[in-house]
Each structure stands twice: as structure tokens, then as C-alpha cells.
Amino acid sequence: MSDLTAVLLLVVLATAVATGARHWRIPAPSLLVIAGIGVGLLPWVMDFRVSPQVINLVVLPPLLYASAEEISWSELRRVWRPVTVLAFGLVLASAAAVGAVAAAITPLSGAMALVLGAVLASTDPVAVTALGRRLALPPRIQMMVQAESLFNDATSLVLFKVAVGMAVAGGALSGGTAAAEFVVLGGGGALVGAAVAGVVALIRRRTEDPVLETVIALVTPYAAYVLAEDVHASGVTAVVVAGVVLGGQSHRLTNAPIRLQVHAVYDTVVFLLESVVFALIGLELPSLIHDLGSQGRMWPLQALAVAGVLLTVRMLWVFPLSAAMQRRRGEGPISWRVPAVLSWAGTRGVLPLAAALSIPLTADDGSPLPQRELVLVLTTAVVVFTLVLQGFTLAPVVRRSGIALEPASTVREEANAQDSLARAGLTHLEQLADLEAAPEVVVDQLRRVLQARIDHAQARANGAGEADKAADPADSTATAYRAMRRALIEVESAELQRLYDEHRISDTTRRRIQRALDQEDVGLGK
């Protein structure tokens, strides 16, 4: 079987399993990992070997960028304190605890045990985002989980490089060297990401070609990653910063048809890459275990112990942090519900595996780096364990905690927002009518449409079910009608942004309504 055939079959397998997961309403990453392990155990299946360059350069940038685009600056500012504590303190504590336990219960040397701790210290934004899409978490909780998983990578990557340097050189690095690496990796990556975002924003504001816009959107994460790595900074940090900056202003950079096309293309790319990469994690585990030989017969128990340490340390950090935040806000009795969800949402995924695969094969003296295979097996096993156990049980934990938003609450929020948008459009329409800036017949048609939407939104907000919506006048093809409706859509988009800026709606609701407005804009034709 050729490599190309194997890749095509992997894409077919991953797509089929991911589609089934959506149909059965179960976490796709967890099911993909299980399917990969099952296929990898078949005797006639070839060994899958994925180079770290493929994962780091081809797979990670678009997945990280897509996750970062969902981060809202407005909501991020509200949770930056706990995110900072988790992204720095928790990563350092997790790496130290895993390193100590691994050195005690595994054959790993102290340096290689620290490498394992650094690899597994951070949660994975790709896995967290993929699992979190299914859960109706409150915006603040969802933002904390996603932001932490994105911004803790700089800390873990610095630790990883320091630990690998110790393992390869057989010595120790000074605290000053580690601090310098952190500044170069994190700060340099942030500067490169911000610069790339600034250049891309300037280009996109002056571009009205859908094909060119799509190409720019696909190239942006790769450009940020490669440029940062070329200057020896963190490519991951550069991609995350570029995604956050551009994601917060995407609605102002392009028009509705281009936004819809870019989203459609990007959704397809992300779906394929996510499906393939999680299947690869499962496929590689049997081969890695085979390479380990007899020296690592205790790896299952060791992997369970390491996973248990990660979960325990996370709980020991999250529960006191949550209690301190609740006291600071002056809330009533301290609740366990939010920290339980935050603790259980700390899955590992693609990034730890990519970091482990990038461990050098040889030491400075040219000899094979000892115990590299055991680090790879333990890393992959812990990733599989967290994806399967926490992936399948996160939804029940959220339901048991009672913090998930009820469907009726989400419906009311969206209905109230749509009511405000329609009223803003109606007010603007009446102003135009007073100025006699449009034909009266067009004003009457749009007035009926907007009034019907207000009635429909009020009915949904009051739980009265689906009210009959007045159909937009499909037979009205006049240029005046299209121009007037597009002007009202601009007013409604501005009102939508105002509601979001005032924290009256969540980012999810804003994106959903903006997408509906874009679709209506495109449906008006030219």
C-alpha cells in the first residue's frame, strides 16, 4: 500500500467516524481515538509514523487559529486573572508533579521525567474546543476553558525546551537562561502574531475578491507560525495571537458573501484535520508499544498514575482558585459545580503528542537518546486516556453540575437580541420614511417584515413557540428594496455589536445572528 493510498484511507476512516459521532451525539475526538486504536491493532494494517514536522507545520496552525478565532477580547478581559494563574502556576505545578512521580515509578531519568512533565503540563486547545462545542456552558466558563488551553502553551513549551536541553546535554540550565527562553518564545511569538494580524487586516480591508480572501484566511496561520519559528520564537503563540486579534474584528474586515465563503471553506478544513489527527493518535499507539519492547511492560499502570497526578494537581489548583474568585465577587456559599467542570475539562490532545514527537533522537555526543520511546508511549497513553475518559464523561459532569445553560435560556437570549435588532432597523426605517428617502411601497414592505420579526421574537422570548413569520417579499426585485434592506442589515449589525459590547449577549449568540444576517444579505442577490 502506498503512502498516498494510506492517507486517503485514513481521511475516509476519520471522516466516517466523525460523521457518526455527530449523528450519535457523542464526542468525536474520543470516538476517533478508539477507532484509531482498533484499526491499528489489526494485523494487516501498516505501522503509522507521523513526523513532528507534519503535525507542527501542517496540522497545528489552522486548528489553533480556528480555536483562537473563537476567543472574544471582551470576554477574555473578564477572565484574564484566573486564566493567567492557570496558564502559568498550574502548568509549572503539573510539570513538577509529573516529573517527580515519573522519576519514582518509571525507569526514566530525572531529565527525561521532567521532559514528560513538561510535555503533559498543558491542556490542548484543539481537544478542549472540539469537546466544548457540544456543551452549553455559560460564556464565562467556556471562555476560561478555551483561553487557558490556548495561553498555557507558551509556558509548557519553555519548560519542554529547558528539559530537553538538560536531557540532551546531560546537564542543567540556569534560571536566567530559562527566563530568556521564555521571553523569546512567548514575547517574540506574540509580537510576530500581532504583526501578521496587522498586515492581514490591512490587506483584507482592501480586498473584495472571495477567492483571494479565502486564500489569505488559509495562509494566515501558516505565515504566523513559520515567521515566528524562523526568528526562534513560539509559532504556537504567534498563531494564537493572530487568531485572537483577527477573530475579534472579522465582521468588520469583509462583507457578508466573503465571510460565508471563508467560514464554509475553513469549517471543512478544520473538520478534516481534526478528524485525521485524532485518529492518528489512536493509530500510533500500538506501533509505539511494539517499539517499547520488554523494558516497559508496566507502562499501562505508569500512564494511569501520571494521568491521575495530572487530574489531582488540576483539582488542587482549580478548587481553591474558584473559591477565592467566589469570595472576591461576594457570592454566597462556595459552590463545587464550576471547579468540578473546569477540572474535568483539562483534556490533553494534539499539542502534547506533537511536542513528544519532536524530542531529539540523539544526545549531544551522538548516542541515541535513552528512554525516548517510553516518553512517547506514556504521552500517547495519557492523551488517549484523557480523551476517552474525560471526553465521554464531561457532558454528564456538566449536566450533574447544573451549570449548563438551558435551551430555553439560549432561545430567550437570541430572541431578545433579534427583537432589539428589528426595533433598531424599524427606527432607522421610520427616519428614512420621514425624510422621504425611499419609495413608500418599499418602506411599507420593510415595515411589515420588521414588525413580523418583532412579533416572532417576542413570541419566542415568552416561550410561546414558533410564531408565524411573515415572509420577505420574494417577488420584490426592485433595486430600491435591496438597497434599503441592506442598509437596515447594517443598522442591525451595528445594534448586534452594541449588545455584545455591553455584555447583554454571548459571543456564541452574536456569531449565530451575524451569520443569519450575512445569509440574508447574500440572499438578496445583486
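These values consider heavy atoms only, across backbone and side chains, with no hydrogens, waters or symmetry-generated copies.
For residues 183-192, no pair satisfies side chain to side chain donor-acceptor pair (under 3.5 Å), with sequence neighbours left out. Sorted by first and then second residue, the salt bridge (charged side-chain N to carboxylate O under 4.0 Å, His left out) pairs involving residues 192-205 (not counting sequence neighbours) are R204-E213. Within the structure, no pair that satisfies the salt bridge (charged side-chain N to carboxylate O under 4.0 Å, His left out) test touches residues 183-199, not counting sequence neighbours. Listed by first and then second residue, the salt bridge (charged side-chain N to carboxylate O under 4.0 Å, His left out) pairs involving residues 185-196 amount to none (not counting sequence neighbours).
Between the S322 side chain and the V318 main chain, no donor and acceptor come within less than 3.5 Å of each other. A distance-only check finds a donor-acceptor pair linking the side chain of N416 to the backbone of R412 [under 3.5 Å]. No donor-acceptor pair under 3.5 Å is formed between the side chain of R460 and the backbone N or O of H456. Although no hydrogens or angles enter the test, the distance criterion places no donor-acceptor pair under 3.5 Å between the side chain of Y222 and the main chain of L57.
Using a 4.5 Å cut-off on side-chain heavy atoms (C-beta onward), L273 and P62 make contact. W344 has its side chain within reach of L389: a pair of non-hydrogen atoms, C-beta onward, lies under 4.5 Å apart. Looking at heavy atoms from C-beta onward, T15 lies in side-chain contact with F271 at the 4.5 angstrom threshold. Counting heavy atoms from C-beta on, the side chains of L218 and Y65 never come closer than 4.5 Å. At least one side-chain heavy atom of R498 sits less than 4.5 Å from a side-chain heavy atom of R504. Using a 4.5 Å cut-off on side-chain heavy atoms (C-beta onward), L421 and L517 make contact. Considering only heavy atoms from C-beta on, V449 stays 4.5 Å or farther from Q445 through its side chain. Using a 4.5 Å cut-off on side-chain heavy atoms (C-beta onward), V270 and L63 make contact.
Residue T123 holds its OG1 atom at 4.0 Å from CG of N152, rounded to the nearest 0.5 Å. To the nearest 0.5 angstrom, T84 atom OG1 is 11.0 Å from E148 atom CD. Atom OH of Y266 and atom CD of Q261 lie 14.5 Å apart (nearest 0.5 Å). If you take CG on L387 and CG on L31, they are separated by 11.5 Å, rounding to the nearest 0.5 Å. Here L488 contributes atom CG and L426 contributes atom CG; the two are 9.0 Å apart, rounded to the nearest 0.5 Å. For the atom pair OG (S234) and OH (Y225), the distance works out to 8.0 Å, reported to the nearest 0.5 Å.
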Worked check of salt bridge (Lys or Arg N to Asp or Glu O under 4.0 Å) between R448 and D444: CA-CA 6 Å; R448 288 196 298 270; D444 287 340; 5.3 Å; no

Derivation of the side-chain contact (heavy atoms from CB on, under 4.5 Å) call for V145 and L342: CA-CA 7 Å; V145 172; L342 289 176; 3.4 Å; yes

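With sequence neighbours left out, D518 forms a side-chain hydrogen bond (donor to acceptor under 3.5 Å, both in side chains) with R259, Q514. Shown here are the side-chain contact (heavy atoms from CB on, under 4.5 Å) partners of R512, two or more places apart in sequence or in another chain: T410, E414, T508, T509. With sequence neighbours left out, the side-chain hydrogen bond (donor to acceptor under 3.5 Å, both in side chains) criterion links T427 to no other residue. Partners of E229 by salt bridge (charged side-chain N to carboxylate O under 4.0 Å, His left out), not counting sequence neighbours: none found. Looking at residues two or more places apart in sequence or on another chain, you find no salt bridge (charged side-chain N to carboxylate O under 4.0 Å, His left out) involving E69. Residues forming a side-chain hydrogen bond (donor to acceptor under 3.5 Å, both in side chains) with Q451 (at least two apart in sequence, or on another chain): D455. The side-chain hydrogen bond (donor to acceptor under 3.5 Å, both in side chains) search around T254 returns none, not counting sequence neighbours. Partners of E430 according to the salt bridge (charged side-chain N to carboxylate O under 4.0 Å, His left out) rule, which considers only residues two or more places apart in sequence or in another chain, are R447.
A 6.0 Å sphere centred on CD of Q519 holds more than 12 heavy atoms belonging to other residues, nucleotides or ligands.
Salt bridge annotation for E520-R485: present, with a cationic side-chain nitrogen under 4.0 angstrom from a carboxylate oxygen.
Tested against S420, the residues I454, L499, L496 include a single side-chain contact (heavy atoms from CB on, under 4.5 Å) partner, L499.
In terms of heavy atoms, V192 sits closest to A228 at CG1-N, 3.8 Å. Between V443 and L429, the shortest heavy-atom distance links the atoms O-CD2, 3.7 Å. Looking at every heavy atom in both residues, V17 comes nearest to A35 through CG2-CB, 3.9 Å. Between T268 and A264 the shortest heavy-atom distance is OG1-O, 2.9 Å. Closest heavy-atom contact between R348 and S122: NE-O, 3.5 Å. Taking every heavy atom of both residues into account, P221 and P61 meet most closely at CB-O, 3.4 Å.
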